[in-house]
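Below is one structure, written out as structure tokens, with a few remarks after it.
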Protein chains: 2
Amino acid sequence: MPQRKRATIREVAKATGLSPAAVSYALRGMQVSEETQRRVRRAAAELGYEADPIARALASGRTGMIGVLCGSLEDLWQQSLAVGIGRTLREKDHYALILDAAGDPDRESTLARQLRGVDGLIVQPVDPAAAFWAQLADSLPIVVIGDALKDARTAAEVVFDNHSGVTMSLEYLRAMGHRRVAVLTPTRAGTPDRPADRHVTDEAQRLGLEIEVVTCPQGLAPATEVARAILGGQDRPTAVFCFSDSIAYGVLMAANALDLHVPRDVSVMGYDDHPMSELLGLTSVNWNLDGIVQAAVRLVIAAADGTIRRRRITQEPFLRDRTSVGAV
Amino acid sequence: MPQRKRATIREVAKATGLSPAAVSYALRGMQVSEETQRRVRRAAAELGYEADPIARALASGRTGMIGVLCGSLEDLWQQSLAVGIGRTLREKDHYALILDAAGDPDRESTLARQLRGVDGLIVQPVDPAAAFWAQLADSLPIVVIGDALKDARTAAEVVFDNHSGVTMSLEYLRAMGHRRVAVLTPTRAGTPDRPADRHVTDEAQRLGLEIEVVTCPQGLAPATEVARAILGGQDRPTAVFCFSDSIAYGVLMAANALDLHVPRDVSVMGYDDHPMSELLGLTSVNWNLDGIVQAAVRLVIAAADGTIRRRRITQEPFLRDRTSVGAV
DNA sequence: TCGTATCAGTGAACCGTTTAACTTCAGGGT
DNA sequence: ACCCTGAAGTTAAACGGTTCACTGATACGA
């Protein structure tokens, strides 16, 4: 590679007859006179100088990069989340380093621990109960989305009121006359049940629902596999409640393949409400993606700047009633 | 923030009674004896030492980061591409810095130029004809996906045979009896027509098709708007050919809203073949996402290592025949 | 007139690695 | 006994900024 050499701060200093320090200050609008600032800026522009972010990071201890560790990017909703966070961070002069745990707690642990050179971390945890979070949290400001981490002093939390989301879903299914419902929840190998999963069981009991909980990888193809087994068996449930829209899409695929009509033969309920769900008529629980993105980014930057201590924001869901759930 | 201090290489050196340089070499398995390597590794593990990537980057000139500049992440297919590239890079010990031009050539230019501190760039260009690419290409190895850049000495190109893709789509529509077809192509403000767009016009002429080309933003909501106008007007075309599946989804939305049945009332053809298209029965042109991801990653790393000079890989499409296109 | 605060800018240390060039020493060939 | 070689480490200079502590000069009030 030819690798054209870029101008350094020293060359700008030479060109203006100033010291490198003065140039550094001038370009960031500190300490030096307006007049000199202009001179420096002009010289920098002429030389095509732009500060090397690496060197700057080493010296200043800040990189302008925020880690974004996603539970599983196979999930379209999380993809949207990541994209939104990336865009919003960029608007505030930061970069997103997007990482994918792929639903695997080990991978998550590895990624989180290897992570260095970022000013903060936004994470949607696979295993919020893992021990390493606490350790990580006091070397790095963390903003967590979804489930709060176990005894980690995170900088901020944007938690979902899954309790409420689960209750409204199950009550709705019950109201539509369903009694036997399958629950598809994302696989998290080696992770203890999430509070949300436990809550499903509790609520089902309260409502007199007969449920069968099955774990299922995110992603269309694998979810279709799993759903096929459930819908294809004898004694098929009248409804399937999926803990992500992506999984629900898999269920719709399987229903298609088995020539089952939704919602006549089987009802399907999603969770997250991805834009595509509108097109597919999937009834789902909406989590206000945009609000979450804005909040998470605002909080992580504030935390990196040290302008907040702790903060907790709770998201309330609402049920988006479409056509994939019918009365039995 | 408490910001627990991390061990430096000097401390490891002190602990082992070696020089920092020896430690550096040892941890990378160079120059020093097996015996010493073991000692160093053990000490490092005990102290919880792990090299600071920033300092390493400054000294070595390599960051292990690859920029991934996407044309528009509103497009689900490009989202999948970005996610795939991110995952694959991570497997090869690199990080992806994902950037979104959002279909805007200015934004693309800004992002590309500001980009520093990466070892290479994978780009799916909005405006392949822009002048700055050439300049960028000789300060950074670039792998381009989609359309080749204009006179830039890119390290590698994974180009799509759009010529072929367009021809097979149009011929298929023609064979199904369509004559009046609307073409929806992503907006690229201020950009001259892509070769692919021109080819559409040429082929339409050759096939005796009466086409209307309309630009349209990526993303479900805006595409639906545009499609609504087209499908809602009098003299509605019998088929719509979309230059991305995401746009096609918008068309399906609009058809739904207008109570038009697909394909009875209107046929819809996509481009890219996103996994969701299977579920939606969208007939589309498949581009082998996975192969592209693998190729791009392999090439960009090779280019960053300086082990390739130039390379061009051409992707051939095939038509995935589903149910959204019918005979008139 | 003197002391002192303020402003504009300087010099040098520092951030934590890598790497080129050099030293030291043991072993081998002649 | 001598030179050469290679292995195992060491030294010190980068890498390209930021920032702390300081200097001179100018203005200011008493």
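Protein chains get the first letters and strands the later ones, always in sequence-line order, with residue 1 at the start of each. The shown structure was predicted, so the numbers you read here are calculated from the model rather than taken from an experiment.
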Exercise. Starting at the 5' end of DNA chain C and moving along, which residue's nearest nucleotide shows up first, B:Val23 or A:Gly17?
Worked result: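 Taking each residue's closest nucleotide, the earlier one in sequence belongs to A:Gly17.
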Problem set entry | Proximity to the side chain of A:Ala21 - top-ranked nucleotide from D:dG17, D:dT19, C:dG16 |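 Of D:dG17, D:dT19, C:dG16, D:dT19 is nearest to the side chain of A:Ala21.
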Exercise. Counting side-chain heavy atoms from CB outward, which of C:dG16, D:dG17, C:dG9 is closest to A:Thr36?
Worked result: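 Selected nucleotide: C:dG9.
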Exercise. Quick one: does A:Arg10 reach the base of D:dG16 with a side-chain donor-acceptor pair under 3.5 Å?
Worked result: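 For A:Arg10, whose side chain was compared with the base of D:dG16, there is a donor-acceptor pair (under 3.5 Å).
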Exercise. Has the side chain of A:Tyr25 got a donor or acceptor that lies under 3.5 Å from a partner of the other kind on the base of D:dC20?
Worked result: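 A donor-acceptor contact between them is present.
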[X] [atom1] - [N] [atom2] separation (whole Å):
X	N	atom1	atom2	answer
A:Glu34	C:dG9	CD	P	11 Å
A:Arg116	C:dC15	CZ	P	14 Å
B:Leu58	C:dC14	CG	P	17 Å
B:Tyr49	C:dT17	OH	P	3 Å
A:Lys14	D:dG17	NZ	P	13 Å
A:Ile9	D:dT19	CD1	C1'	12 Å
A:Ile54	D:dG17	CD1	C1'	11 Å
A:Met30	D:dT18	CE	C1'	9 Å

Under the 3.5 angstrom rule, does the side chain of [X] hit a backbone N or O of [Y] as a donor-acceptor pair?
X	Y	result
A:Arg312	A:Arg310	no
A:Gln78	A:Gly71	yes
A:Arg39	A:Thr16	yes
A:Thr154	A:Ile142	no

Exercise. Mapping B:Val32 and B:Ala55 onto DNA chain D by nearest heavy atom, which one lands closer to the 5' end?
Worked result: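 Of the two residues, B:Val32 wins.
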Problem set entry | Earlier contact from the 5' end, DNA chain D, for B:Ser60 and B:Leu18 |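 On the 5' side of the pair lies B:Leu18.
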Exercise. Out of curiosity, A:Gln124 CD to A:Phe160 CZ, how far, rounded to the nearest 0.5 Å?
Worked result: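 That separation rounds to 5.5 Å.
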Does a side-chain N or O of [X] approach OP1 or OP2 of [N] to a distance below 4.0 Å, or not?
X	N	result
B:Thr8	C:dC15	no
B:Ser24	C:dT17	no
A:Ser33	C:dC7	no
B:Arg28	C:dT18	yes

